Undergrad: 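Mind looking over this structure? Questions follow.
Keep in mind the model is a prediction, meaning the values are calculated, not measured. Nothing fancy with the numbering, it's 1 onward along the sequence.
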Amino acid sequence: MITDQLSDDLIEDRAVSIQSLATVCSQCALDRCAQFVKYLNKMHTSIIKNERLLNKLQSIKFLPIKSKPNDWKWTWAADTFAHPEDECKHYTCCNEKHRQDTSVVFERPIEIYSATLTDIVGCIFPVLDESYFSRDSYHELFTKLGVNNTVDLGQSLDNLSILSNDVYQNGIGDGAHMLNNTTLSVYKYINDISIHNLHLEEKASLLHGIAECYMDKNILLLDGSFVKPSQVFMDMSEDCIPYLYSLKKTEHIRKLKGFVDLFKIEKQCPARRVIDELLSYQSKQGSDTMEENEVRLYVRLLKVLVDSLNSDEVDSDTLRKLYIPDADGVLSPIHTLCLDSIDTKSTDTMRFTHQSISPEIAVPLGINTKRQRKVADCSRPTKIYSKDFGQHEELITRINRLLSGYPCDSGVLKEMVQNADDAKATEVHIVMDFSMHPTDNLLSETWKPLQGPAVLVCNDSYFSESDIEGIQRLGIGSKGGDPTKTGQYGVGFNAVYHLTDVPSFLTRGPEVQTGEVLCVMDPHCRYVPDATIQCPGREYINTEVLKEEHPNVFSCYHDQILLKETGTIFRLPIRTTQFSSTISETHLTIDDVRELVNGFKDEMGEMLLFVNHVKSIKVSEIIEGQLQPVYSVHLEMSDKDAEMRQQFYNMIDTGAKRIRNCLDPGSIDPTEAKYLADISDSNGAYSKWLIVRRMGFSGKRKIPEEVLSSYRNRNIGLLPRGGVALSLDEGKNKKEKGKAFCFLPLPIETGLPVHVNGHFALDHEARRNLWTGDKEGYKLSWNKYLMEDVIVPSYVSALHTWKKKYSIDTGIPTNAQHMKKTLIEYHRLFPDTSKITDMFKFMSQSLYRWIYDFEENMFPVCKLVTKTDVVTTFYPLVSDVLHFPCVFNTLKTKNMTIENEAFKTVSHTSKMINECVSSLEHSMTSLESRTIQRLSQFIQICKDIGIKLLECPKHILKKYEGR
């Protein structure tokens with residue numbers, strides 16, 4: 001039976017015969033293949049249903065693979081397959097038209113890829129040669145036979161890698177056009193894969209994972225070179241070949257959004273990436289001089305970095321690590337170079353950037369102008385001019401905490417007096433300057449707010465290097481380990497932040513480096529050029545250089561009228577509404593400052609009592625450039641007393657060193673200084689003072705163990721220092737209200753009739769009150785012991801000195817009325833415990849106990865020697881050397897009735913005079929109606945027979961009731 005349909009076996013046989021025929025004649029094999037495929041396509045409806053036959057055909061080599069095109073210059077996968085002629089039996093084809101040099105390789109359908117994928121996989125897989133077939137009509141057949149129509153992402157990227165490697169090894173030659181077309185086909189294919197799959201989460205993750213493996217492989221063709229996707233950016237302004245590439249002009253890639261998204265190509269190169277490239281470049285380049293083309297490349301990298309800084313934050317420390325080409329093309333640290341310009345005079349220390357570095361690059365990178373370089377040279381730690389300066393710690397937080405416990409009042413300026421005293425200044429000058437100073441020729445634009453109203457505090461001493469270092473240690477200071485200094489608590493200076501955000505000082509002296517320095521603190525790092533969190537301020541040395549080009553920075557210190565050869569000017573720009581502050585939300589007005597200064601003026605005289613060096617305090621105001629005096633106080637002493645005060649200070653210094661070395665506050669012998677001081681002011685007021693100061697414990701009482709322990713553990717470093725000041729004024733000038741001092745007055749009225757001074761343990765941050773917060777802890781124990789063993793003996797000594805000064809203990813007859821008035825003044829110096837406040841009641845009790853225990857001659861007995869004169873003798877209340885104890889005179893001379901109780905008081909003092917008194921008592925009882933003169937006679941008789949009737953007021957008597 002004749003049929004036009006071949007059997008399965010025959011079909012298989014015809015397929016196998018094609019490969020066999022190819023060993024004789026490739027052309028004959030191709031002809032048979034064409035006819036065979038044509039037949040299969042004709043019968044494909046039945047064949048595709050025949051799964052067994054399809055499986056057989058898929059594994060038979062009968063389809064031709066494409067030979068390497070003539071213009072293809074790179075790896076071709078088909079070249080690796082064996083050609084049939086290699087197996088040829090040397091038979092000759094009978095068809096003379098068939099070319100013998102034609103060679104065709106046949107392969108299994110499942111090993112072959114569709115011709116449409118030639119560009120996508122040609123380097124790694126064989127491609128079907130469809131030139132012998134009608135592609136459109138045979139497409140379905142080939143697909144059923146197993147010819148591959150799709151390529152996965154990894155395969156397409158592998159194909160690109162092989163192309164890239166070939167180009168790297170062999171170059172492009174004349175194949176540029178084909179290479180561009182081939183790679184673009186791959187990119188489009190990958191783009192299609194991405195578009196169809198990236199919106200699917202699971203597939204997107206897989207694709208991104210594959211793409212990540214090729215981010216650092218050269219698969220992206222740009223301008224004839226393959227580069228890494230990680231080197232490419234969409235809108236980067238400069239091509240920085242071979243480090244970074246821009247797609248800004250590569251439109252055919254920019255359009256492939258799926259491809260761009262797959263490789264996560266960013267719009268701009270991140271700053272960190274550019275910096276890494278720069279650091280890598282400078283590491284390789286070293287100190288060798290760069291060629292011009294190298295400089296141009298490096299500058300392009302810098303431009304890209306500047307662009308990236310618009311969106312990326314980079315800290316200044318990172319930028320300072322960069323190197324840039326200098327004028328000679330040598331990479332140099334960025335902070336060592338500056339931009340050259342003609343408006344500023346050069347110095348020998350200046351080095352300039354390469355001429356290709358423009359201001360547009362320099363400014364964002366922090367490269368200094370020549371003017372800025374000159375300022376920076378005055379702030380650099382390694383150069384001849386200066387070094388980093390500023391306060392540390394969590395600065396603004398710490399300042400906030402300090403200010404919260406320290407009121408904004410006259411205490412701020414008192415702290416400045418303490419600083420001056422510690423620097424051994426003799427004069428302090430407070431100057432109000434409410435002028436607006438010029439804002440041109442400054443160190444920077446950010447400096448302008450500092451040119452407004454300010455308070456200036458001047459003194460005639462200067463800062464030592466340790467002082468400059470110490471003022472940066474917030475809460476410690478250079479005085480932290482030096483208890484001889486008034487302000488050794490170390491937090492006081494920071495009270496100025498109540499007034500300002502940017503305190504500064506200009507100091508001039510023989511031990512100041514270069515003679516004069518300007519130091520500025522800027523906790524916000526907002527106003528001072530180059531201030532950083534690590535060094536929030538600058539110290540400017542060689543101010544003469546800076547004054548040439550920045551005169552207005554210095555003119556507002558008014559050093560021409562305020563400073564002599566030696567001195568310091570603190571300038572505190574007032575925190576007006578021009579400042580945006582996180583230190584304090586309170587903005588100050590001129591009236592606020594005047595009120596604060598007025599409060600300071602009220603205490604200026606008292607401030608001079610216990611300081612070690614300061615003798616004069618002045619307040620002035622600068623009006624239209626002229627210094628106008630406002631108020632002043634001055635301390636005057638005789639040469640002898642001044643020498644006494646200086647010797648006492650020297651002794652403090654020596655004693656402090658010994659105590660610090662021994663860690664024992666009882667290791668020194670007590671020393672005392674007594675001197676007179678006169679304080680006058682510019683208004684004509686005048687006051688006289690007796691001042692007694694003491695250093696060292698008396699040794700008469702045991703030092704509390706908790707005090708000794710705290711010293712040994714270095715928990716406390718205070719000195720056993722204290723004293724009193726007695727007003728010697730009379731009448732309306734008499735100072736009745738005593739205050740507590742810790743060298744300068746504290747806002748504490750004690751109720752005592754004298755001022756008391758001590759190296760007290762004060763409360764926490766504010767230092768405005770005595771420590772009372774730890775019950776019986778070591779600080780409270782220290783304060784109590786300081787009172788009873790340093791201040792109390794000073795008080796007693798002052799009373800003795802007062803007696804001597806007013807000649808009431810000489811034994812010489814004195815007018816009775818005058819003596820009476822003098823003793824009234826004397827007894828006013830004794831505290832009335834009913835008026836004493838807080839801890840000073842303890843001190844008052846300690847005073848009376850000391851007088852009693854140590855038999856001080858404090859109690860006067862006035863004996864009439866003539867009708868108008870008396871002789872006054874002072875006795876202790878009790879004493880082993882006295883034959884008879886003293887008794888208080890409680891006889892009421894203003895009442896004519898003599899109470900029997902009075903006679904009991906006298907008669908009980910001694911058995912030897914009991915009989916005499918009993919007789920007198922009997923006689924006096926009958927005289928109750930007689931005049932007061934008889935009572936006075938009785939008192940005199942008592943004194944004549946040896947009874948020591950003490951002439952003391954009741955508040956003193958009450959302190960000894962029950963003893």
Undergrad: Can you spot which of F743, F648, Y649 makes a ring-ring contact (aromatic ring centres under 6.0 Å, His included) with H613?
TA: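 Of all the options given, the one that passes is Y649.
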
Undergrad: Do we see a donor-acceptor contact under 3.5 Å between the side chains of H800 and K803?
TA: yes

Undergrad: Would the distance check show the side chain of Y785 and the main-chain N or O of L780 forming a donor-acceptor pair, the cut-off being under 3.5 Å?
TA: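 No.
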
Undergrad: Could you walk me through whether W782 and Y778 satisfy the ring pair (Phe, Tyr, Trp, His ring centres under 6.0 Å) test, starting with their C-alpha distance in whole Å, then the side-chain angles of each, then the deciding distance to 0.1 Å, before giving a yes or no?
TA: CA-CA 6 Å; W782 170 268; Y778 69 88; 9.7 Å; no

Undergrad: Between H759 and L719, is there a donor-acceptor pair closer than 3.5 Å when you use the side chain of the first and the backbone of the second?
TA: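 Indeed, once roles are kept as given, a pair shorter than 3.5 Å links the two residues.
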
Undergrad: Does K615 come within less than 4.0 Å of E636, counting only side-chain N to carboxylate O?
TA: no

Undergrad: Between N783 (side chain only) and A761 (backbone N and O only), is there a donor and an acceptor less than 3.5 Å apart?
TA: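 Side chain of N783 to backbone of A761, a donor-acceptor pair under 3.5 Å: yes, one is there.
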
Undergrad: Compare all side-chain heavy atoms of P720 with those of I659 and state whether any distance is below 4.5 angstrom.
TA: yes

Undergrad: Do NZ/NE/NH1/NH2 and the carboxylate oxygens of D853 and R701 come within less than 4.0 Å?
TA: yes

Undergrad: Give the minimum heavy-atom separation between L690 and A798, together with the two atoms involved.
TA: CD2-O, 3.5 Å

Undergrad: Got more than 12 heavy atoms from elsewhere within 6.0 Å of CD, E595?
TA: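 Open.
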
Undergrad: Checking T654 side chain against N650 main chain: does a donor-acceptor pair fall under 3.5 Å?
TA: yes

Undergrad: When you look at D664 and L708, which way does the side-chain contact (heavy atoms from CB on, under 4.5 Å) test go after all the steps?
TA: CA-CA 7 Å; D664 180 5; L708 293 175; 3.6 Å; yes

Undergrad: Which pair of non-hydrogen atoms, one from L635 and one from A677, has the smallest distance, and what is that distance?
TA: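 Closest approach of L635 to A677, heavy atoms only: CD1-CB, 3.4 Å.
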
Undergrad: So, taking the atom named OG in S410 and the one named CE in M604, what distance separates them when rounded to the nearest 0.5 Å?
TA: 11.5 Å

Undergrad: Does a side-chain heavy-atom distance below 4.5 Å link Y826 with F874?
TA: yes

Undergrad: What verdict does the side-chain contact (heavy atoms from CB on, under 4.5 Å) test give for D789 and R694, after you've listed the backbone C-alpha separation in whole Å, the side-chain angles of each residue and the deciding distance to 0.1 Å?
TA: CA-CA 10 Å; D789 210 60; R694 192 176 180 89; over 6 Å; no

Undergrad: Taking all atoms of both residues into account, what is the closest heavy-atom pair of A642 and M637, and its distance?
TA: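 For A642 and M637, the tightest heavy-atom pair comes out as CA-CE, 3.8 Å.
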
Undergrad: Distance only, no hydrogens: is a donor on one side chain within 3.5 Å (strictly under) of an acceptor on the other, for D681 and Y631?
TA: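 Present: a donor and an acceptor within the cut-off.
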
Undergrad: Could you tell me whether the side chain of S682 and the main chain of S632 form a donor-acceptor pair under 3.5 Å?
TA: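 The answer is yes, because a donor-acceptor pair under 3.5 Å joins these two groups.
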
Undergrad: Are the charged groups of R645 and D641 less than 4.0 angstrom apart, N to O?
TA: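 Looking at D641 together with R645, the answer is no, because their closest N to O distance does not fall below 4.0 Å.
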
Undergrad: If you measure only the distance, is there a donor-acceptor pair under 3.5 Å linking the side chains of E788 and W850?
TA: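 No, no side-chain donor-acceptor contact under 3.5 Å.
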
Undergrad: Taking CG in D639 as the centre, count heavy atoms belonging to other residues, nucleotides or ligands within less than 6.0 Å. Is the count above 12?
TA: no

Undergrad: Contact between R693 and I691 at the side-chain level, heavy atoms closer than 4.5 Å - yes or no?
TA: yes

Undergrad: How long is the gap from CG on D669 to OG1 on T671, to the nearest 0.5 Å?
TA: 7.0 Å

Undergrad: List the steps and the verdict of side-chain contact (heavy atoms from CB on, under 4.5 Å) for I791 and V724.
TA: CA-CA 7 Å; I791 300 175; V724 297; 4.1 Å; yes

Undergrad: Is the backbone N or O of G738 less than 3.5 Å from a side-chain atom of T750, with the two atoms forming a donor-acceptor pair by type?
TA: yes

Undergrad: Any chance the side chains of N419 and E415 put a donor and an acceptor closer than 3.5 Å?
TA: no

Undergrad: Going from CG on L728 to NZ on K805, what distance comes out if it is rounded to the nearest 0.5 angstrom?
TA: 6.0 Å

Undergrad: With heavy-atom distances below 4.5 Å as the criterion, would you say the side chains of V796 and M858 are in contact?
TA: yes

Undergrad: To the nearest 0.5 angstrom, please state how far the NZ atom of K657 sits from the SG atom of C662.
TA: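 Reported value, rounded in 0.5 Å steps: 13.5 Å.
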
Undergrad: Count the heavy atoms of every other residue, nucleotide or ligand shown that sit under 6.0 Å from CG of N598, and state whether that count exceeds 12.
TA: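 Counting other residues, nucleotides and ligands, CG of N598 exceeds 12 neighbours.
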
Undergrad: Over all heavy atoms of both residues, which pair between V692 and S794 is shortest? Give the atoms and the distance, please.
TA: CG1-O, 3.7 Å

Undergrad: Show the numbers, then the answer: is there a side chain to side chain donor-acceptor pair (under 3.5 Å) between N459 and S461?
TA: CA-CA 6 Å; N459 65 66; S461 186; 4.8 Å; no

Undergrad: Measure across T872 and C862 and return the closest heavy-atom pair with its distance rounded to 0.1 Å.
TA: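 Heavy atoms of T872 and C862 come nearest at OG1-SG, 3.3 Å.
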
Undergrad: Got I679 and Y686 here, is their nearest side-chain heavy-atom distance under 4.5 Å?
TA: no

Undergrad: Got V756 and F741 here, is their nearest side-chain heavy-atom distance under 4.5 Å?
TA: no

Undergrad: Do F610 and C742 have side chains that approach each other closer than 4.5 Å (heavy atoms only, starting at C-beta)?
TA: no

Undergrad: Testing the basics here: between E855 and V878, what is the closest heavy-atom pair and its distance to 0.1 Å?
TA: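 Residues E855 and V878, closest heavy atoms: CG-O, 3.4 Å.
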
Undergrad: Using a 6.0 Å cut-off, check whether atom NZ of K841 has over 12 heavy atoms from anything other than its own residue.
TA: yes

Undergrad: Without swapping roles, check the side chain of R721 against the backbone of G758 for a donor-acceptor pair under 3.5 Å.
TA: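 Side chain of R721 to backbone of G758: no pair is present.
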
Undergrad: Would you say the side chains of S616 and E427 form a donor-acceptor pair under 3.5 Å?
TA: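 Judged by distance alone, the side chains do not pair up.
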
Undergrad: Has the side chain of S687 got a donor or acceptor atom that lies under 3.5 Å from a matching backbone atom of A685?
TA: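 It does not hold such a pair.
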
Undergrad: With a 3.5 Å distance limit and no angle check, can you tell me whether T822 reaches the backbone of H818 through a side-chain donor-acceptor pair?
TA: yes

Undergrad: Are M607 and F600 close enough, and set up right, to give a side-chain contact (heavy atoms from CB on, under 4.5 Å), and what steps lead you there?
TA: CA-CA 10 Å; M607 293 178 201; F600 176 77; 3.2 Å; yes

Undergrad: Taking the side chain as C-beta and beyond, is there a heavy-atom pair between L752 and M843 under 4.5 Å?
TA: yes

Undergrad: What I want to find out is whether E643 reaches K640 closely enough, with some N-O distance under 4.0 Å, to be called a salt bridge.
TA: no

Undergrad: Between D421 and K414, does the salt bridge (charged side-chain N to carboxylate O under 4.0 Å, His left out) criterion hold? Intermediate values first, please.
TA: CA-CA 11 Å; D421 193 57; K414 284 195 286 186; over 6 Å; no

Undergrad: Cation over ring, K784 on F842, under 6.0 Å and within 45°?
TA: yes

Undergrad: Taking 4.0 angstrom as the limit, do E749 and K739 come out as a salt bridge?
TA: no

Undergrad: Using a 3.5 Å distance criterion without hydrogens, assess whether the side chain of D809 forms a donor-acceptor pair with backbone atoms of K804.
TA: no

Undergrad: Pairing donors with acceptors under 3.5 angstrom, does anything connect the side chains of S797 and E672?
TA: yes

